[in-house]
Chemist: 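First the structure, then my questions, so here it is.
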There are 2 protein chains.
Amino acid sequence: MTGDKLPTMQAVAEKAGVSLATVSNVMNQPSRVAPATRDRVRAAIESLGYIRNAAARDLKRSRSDGIGLIVPDILNRLFVDMARGAQITAGQRGLSLLLANAVYAFESFDPLVVTDQQDQFLDFFAEERTSGILYAAMSDPTDGINRIRGHVRPIVVINYDQPGDWCSVLMDNRQAGRIAVEHLAGIGVRRVFYVSPPDAAQPIADRRRGVAEGAASQGLELTEVTTDGLEFEHGSAAMAELLAGRADGERIGFVGMTDALALGALGVLREHPELRIPEDVAVIGLDGTHDGARSDWVSLTSITLPGYRMGEEAIRLVLDEAQPGHRHERVILPVGMRLGASTLGSAATAGGADGTTP
Amino acid sequence: MTGDKLPTMQAVAEKAGVSLATVSNVMNQPSRVAPATRDRVRAAIESLGYIRNAAARDLKRSRSDGIGLIVPDILNRLFVDMARGAQITAGQRGLSLLLANAVYAFESFDPLVVTDQQDQFLDFFAEERTSGILYAAMSDPTDGINRIRGHVRPIVVINYDQPGDWCSVLMDNRQAGRIAVEHLAGIGVRRVFYVSPPDAAQPIADRRRGVAEGAASQGLELTEVTTDGLEFEHGSAAMAELLAGRADGERIGFVGMTDALALGALGVLREHPELRIPEDVAVIGLDGTHDGARSDWVSLTSITLPGYRMGEEAIRLVLDEAQPGHRHERVILPVGMRLGASTLGSAATAGGADGTTP
DNA sequence: CTGAAAGCGCTTACAG
DNA sequence: CTGAAAGCGCTTACAG
């Protein structure tokens, strides 16, 4: 088998006793071919095990049917949801979604360590002349897009707000910060600590702004605490420090930029049975990354992000780009909130839209 | 811009004042070209914004440089790890890994509802003539592979043990069952309940077998409990039933086929403060899916699966397939164990290899 | 409804 | 070290 030539369309044509063009029509415009001929051709395809050569096809049509999606890292649940939303929507429309995982170094805030493959995949999809590219960028995508724009036109930028000649799908990170703080105000907290690493990425800055806005509108006292990272241990360190400075009997709210930060804070509270949650300390996380609500020692109240819907929207927009009257859109999807015992105490029930699954 | 022709290699050749072949050599065999010519060509490429047409290239070479990976669903952390392992390894070798998410319906055990896209992606990669396909199958892959085998030779089957003309990368699901039970025996448990849905997939059957072997070798009393699914609520239901039948003072061990089942069991125990963990009831999960050890009300002891390493191995094997003296291999990777308070009580410390990250 | 022919943009021996 | 030429396997007007 190994050395054999693969069957070509020509071989199918000969076997079926028709011309090349007719075979092609059977595959691409079946209605143009008489039923009897069609059946004969299909039988020939079947018996030869013919599989169309995408390279030849794409070369002639000067584009491929695939749609590329570049995400920073599927380790982050947000991008898993996004990929599934795009995947399932693309599948429904008969397109193949190709997922490229850039392995962006989330863990590290040292820009020297960030050796992701975003550009490599952008070039790959450009070489492939895919029908479109969905690009979940972690930094300004303008240069990368300009480099390849001539080669694949429909591009949708996801999760990075940058004006340009493309559609954007965003989530409302400011809203996330705002409603978290409003929720704390709603349960009676007046003094809020916002715990976050520096503004190394757009969502971080936006959530910070939202928190500030919420605090201002609610008349809360807001203190920003800057951490070295966005993981559990950074949250623990921040909470330990807050407790050291907390006045006796004072009620405080802890807002973590990520769920991991909030969980780290809860970890410290576990060692302090004298503190009541949420009466003394209330905790909330902003990225819906954590979904262990039912097994947490105290279930975490958290913002939920619309990853799945962002993937759906991105496919819709990238397809719309091929339509005659297309106008670029900037879609901002709302976030949700999942309530837990970390702000509601034992009264908490599972609830809230989670935007995770269809 | 939109209607413009894209620059071709021909355009680059003209601009640089060389022939087509020389441009091609600059891109593919730079050492064959004189440095001065090389620079001239590269400058032309740069100034025209030329990007190679993969279709034309692949057509001529009759294969593409991509490697396809088909996974059931990245909602499952095992496959996220697998994809990252393959992704990063492929990247190191200059190959592009294309991830296809089949959206296999894990949630449902009704075979009629399983409308996954595995076959669709298999055909897609065959049409693309990728350099290889890594196929994490949920059912016998033989038919699918036979259909496309002539079109892409190097195929590695992941996570499904089926003899055939290919390499396999597996994890040791029997070992998972065995060491879980041995661990329970080690802490003094003599009566074990194994909670699992029916053997709808190979890993389920293998883990069951491992549990039975472990129980036999340790002389434990084993009872199998069959559930309708593998989620939290199924574990809760099973545990509730066990407690109803438990003799006073009897010590029992609960082994869940998945972490979710085990967490469901812990959820029930939370309502029973009179029961000590692990002195009265010990709990362990078998799939390392849950990683909230630090926020759990009782941290779960769990088996950890070697997803990342499976991805690495699969890339190694698919590349080896192109080598002259290649022999198919069947690689079985060991699992690990992460200890938690659900079997060790408050003495538990985080530990054990988790096979998650490099 | 069917077929003959041109051409998509590269790579690869091969000759010089 | 460089170039002329063939050909990979399709699709697409176009003619019949």
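Note that the coordinates shown come from a computational prediction; the quantities given were computed from them, not determined experimentally. Throughout, a chain's letter reflects where its sequence line sits, starting with A, and its residues are numbered from 1.
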Chemist: D58(B) has an atom CG; how far is it from atom P of dC10(D), in whole Å?
Modeler: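 One finds 14 Å between P of dC10(D) and CG of D58(B), rounded.
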Chemist: Output yes when R129(A) and D65(A) qualify as a salt bridge under the 4.0 Å nitrogen-oxygen rule, no when they do not.
Modeler: no
Chemist: Return whichever of L59(B) or S31(B) has its heavy-atom-nearest nucleotide of DNA chain D closer to the 5' end.
Modeler: S31(B)
Chemist: Indicate, with a heavy-atom threshold strictly under 4.0 Å, whether N28(B) touches base, sugar-phosphate, or nothing.
Modeler: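 Sugar-phosphate, backbone atoms only, no base.
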Chemist: Please report the distance, rounded to the nearest Å, between CG in N25(B) and P in dT11(C).
Modeler: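 It works out to 9 Å between those atoms.
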Chemist: With both distances under 3.5 Å as the test, what is the Watson-Crick or G-U wobble partner of dA4(D)?
Modeler: none
Chemist: Just how far, in rounded Å, is P of dG9(C) from NZ of K60(A)?
Modeler: 9 Å
Chemist: Check every atom of dC10(C), dC10(D), dG3(D) against the side chain of T8(B) and return the nucleotide holding the closest atom.
Modeler: dC10(C)
Chemist: In this structure, how many angstroms lie between the C1' atom of dG9(D) and the CG atom of N53(A), rounded?
Modeler: 6 Å
Chemist: Among dG3(C), dT11(D), dT12(C), find the nucleotide with the atom closest to the side chain of A21(A).
Modeler: dG3(C)
Chemist: Establish, with yes or no, whether the OP1 or OP2 oxygen of dC1(C) is under 4.0 angstrom from a side-chain nitrogen or oxygen of T37(A).
Modeler: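 No.
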Chemist: Assign each of V33(B) and S62(B) to its nearest nucleotide of DNA chain D by heavy atoms, then name whichever residue's nucleotide is nearer the 5' end.
Modeler: V33(B)
Chemist: Between L20(B) (CG) and dT12(C) (C1'), how many Å, whole number?
Modeler: 12 Å
Chemist: Can you tell me if the side-chain N/O atoms of R57(A) get under 4.0 Å from OP1 or OP2 in dT11(D)?
Modeler: yes
Chemist: Ignoring hydrogens and geometry, is there a side-chain-to-backbone donor-acceptor pair from N101(B) to I74(B) under 3.5 Å?
Modeler: yes
Chemist: Would you indicate what A34(A) reaches in the nucleic acid, counting non-hydrogen atoms under 4.0 angstrom: base, sugar-phosphate, or nothing?
Modeler: sugar-phosphate
Chemist: Check this for me, if you would: do R147(A) and E46(B) make a salt bridge, where the nitrogen-to-carboxylate-oxygen distance has to be below 4.0 angstrom?
Modeler: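 Salt bridge absent between R147(A) and E46(B).
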Chemist: Between dC10(D), dT11(D), dC10(C), which nucleotide gets closest to the side-chain atoms of S24(A)?
Modeler: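 Selected nucleotide: dT11(D).
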Chemist: For S96(B) and F124(A), which heavy atoms make the closest approach, and how far apart are they?
Modeler: OG-CD1, 3.3 Å
Chemist: In whole angstrom, what separates R61(B)'s CZ from dC10(C)'s P?
Modeler: 13 Å
Chemist: Is the shortest side-chain N to carboxylate O distance from R153(A) to D165(A) below 4.0 Å?
Modeler: yes
Chemist: Reckon T22(B) has a side-chain N or O less than 4.0 Å from the OP1 or OP2 of dG3(D)?
Modeler: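 Answer yes for this pair, as a side-chain N or O of T22(B) is under 4.0 Å from OP1 or OP2.
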Chemist: Taking pairing as Watson-Crick or G-U wobble with both contacts under 3.5 Å, can you name the mate of dA13(C), or confirm there isn't one?
Modeler: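 Pairing partner, where one exists within any strand: none, as none qualifies.
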Chemist: Using whole Å, report how far CZ of R32(A) lies from C1' of dC14(D).
Modeler: 11 Å
Chemist: Nearest to the side chain of V18(B) - dT11(C), dC10(D), dG3(D)?
Modeler: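 Of dT11(C), dC10(D), dG3(D), dG3(D) is nearest to the side chain of V18(B).
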Chemist: Of the non-hydrogen atoms in V103(A) and R84(B), which two are nearest, and what is the gap between them?
Modeler: CG1-NH2, 3.7 Å
Chemist: Starting from P on dC14(C), measure out to CD on Q29(B) and report it in whole angstrom.
Modeler: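 Computing the Q29(B):CD to dC14(C):P distance gives 15 Å.
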